[in-house]
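For reference, the structure discussed in these notes is given below.
One-based numbering, in listed order, for ligands and for the atoms of each.
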Amino acid sequence: MQTLLLSASDSKTAAAAANLIMNGQLVAIPTETVYGLGANGLDEAAVAKIFEAKGRPQDNPLILHISGPEQIELFCHHIPQKAYDLAEAFWPGPLTIVLPAKDIVPKRTTGGLSTVAVRCPDCDVTREIIRLSGVPIAAPSANISGKPSTTTAEHVRHDHDGKIAAIVDGGSCRVGVESTIVDLTEARPRLLRPGGVTPEQLLEVLGDLVVDKAVTAQIDKDEVVKAPGMKYRHYAPSEPVVIVSGSREKAAEYIRSHFEPGDRVLCFEEELPLYEGCDPLSYGKEADVNTLSAGLFAALRELDDPSIHQVYARCPVGGGVAYAVQNRLKKAAAFHIVDAEEEA
Ligand code: AMP
Ligand code: MG
């Protein structure tokens, strides 16, 4: 199959992409978080193609992308006021809400769960595609399963050229990490995945938030978890990644003394001079965490190279968006962290 490359700025793109979605085809869509691999979320056969193209485990549910809060009740029931409060505060935007699913949502979309995840993305062309197709678009990140997520149309082309009907090119994703996921199906709201909407912002609206274990620790393959996606190896380049924590100087001392030919260093832009001779790659500025979230996956993709032996990575500290960057980098490193302060 020839994969069409459609520009988001072309006025015919939304209608062409919506037509493909209505015909049960796969279309990669830009969003402010990452590129999604989209299909009609109500069509089991179309959704099955997403799992096949990504090599995604069947029990890993998809997010339904909708065009606005008024669509929540089409696909969910027992909707608490908190869901509308979150939608009002953060939609369109990088927040996904998990609610009880109506029967209209196929089990293939929900990975067999009785709940469904919904989100309204902050991307005009994608909301227009949803509106024109008349269906919710089920879309996980468009990467091959387990690999770093796709934040440009080129990343999607690399992973899926010839296997999907079209890619809508909307440029680089502004946020760069997947949406924050909040589960509202229990007595207390639960954070299943951190993202561009921060825990601090959620607390302001919800007044209460439990952080799921999967956010902070490695989950065993057989463990039952709230967000099944969180138990799989994720975001990882082909070689091992180790996070080196501690001060700039102590970390550089540790990394430089352990560095061997074939290793790489993933660091902040401010640290590049400390790693001269170690072929460092910067993913953004430590002083501006949004550049780190926007640049992380492109950097991890660049480091996904069998000739690399090991990656030493620097990770931002603190809350806000840094919390999401920590989560993705720790998963990419399979929670392998060395404290340079202790090692010194
Ligand atoms: P991706 O956007 O590729 O990371 O995939 C969607 C993410 O949403 C996965 O981590 C899923 O586990 C999570 N997700 C989707 N639906 C649900 C649901 N009903 N309950 C909990 N997590 C969900
Ligand atoms: Mg994903």
| field | For Tyr312, all residues meeting ring pair (Phe, Tyr, Trp, His ring centres under 6.0 Å), sequence neighbours excluded | value |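 Per chain and number, Tyr312 pairs via ring pair (Phe, Tyr, Trp, His ring centres under 6.0 Å) with no residue.
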| task | Taking the side chain as every heavy atom from C-beta outward, state whether Asp169 and Tyr35 have any atom pair closer than 4.5 Å. | result |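 SC-SC contact between Asp169 and Tyr35 confirmed.
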| Below 4.0 Å from any atom of ligand 1, is there a heavy atom belonging to Ile181? |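 Distance cut 4.0 Å: Ile181 passes for ligand 1.
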| message | Taking only non-hydrogen atoms of Leu62, do any sit less than 4.0 angstrom from ligand 1? | response |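 It does; at least one heavy atom falls under 4.0 Å.
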| task | Return a yes/no value for Ser141: is any of its N or O atoms, backbone included, closer than 3.5 angstrom to an N or O of ligand 1? | result |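 Right, the criterion is met.
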| request: Ignoring angles and geometry beyond distance, decide whether Thr115 reaches within less than 3.5 Å of ligand 1 through its nitrogen or oxygen atoms. | output: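 There is such a contact, yes.
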| request: Determine whether the side chain, the backbone, both or neither of Arg56 has a heavy atom under 4.0 Å from any heavy atom of ligand 1. | output: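 Side chain only.
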| query | For ligand 1, does Asp183 get within less than 4.0 Å through its side chain, its backbone, both, or neither, judged by non-hydrogen atoms? | reply |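 Answer for Asp183: neither.
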| task | Output yes if Ser149 passes the N/O/S-under-2.8 Å test against the Mg ion (ligand 2); output no otherwise. | result |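 Of the N, O and S atoms in Ser149, none lies under 2.8 Å from the Mg ion (ligand 2), which means no.
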| task | Sequence neighbours left out, what passes salt bridge (Lys or Arg N to Asp or Glu O under 4.0 Å) with Asp305? Give chain and number order. | result |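 Testing Asp305 for salt bridge (Lys or Arg N to Asp or Glu O under 4.0 Å), a comparison that skips the adjacent residues, returns none.
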| task | Measure across Thr109 and Gly41 and return the closest heavy-atom pair with its distance rounded to 0.1 Å. | result |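 Smallest interatomic distance, heavy atoms only, reads OG1-O, 2.8 Å.
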| query | Do you see a donor-acceptor pair shorter than 3.5 Å between the side chains of Arg301 and Thr151? | reply |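 Side chains of Arg301 and Thr151: no pair found under 3.5 Å.
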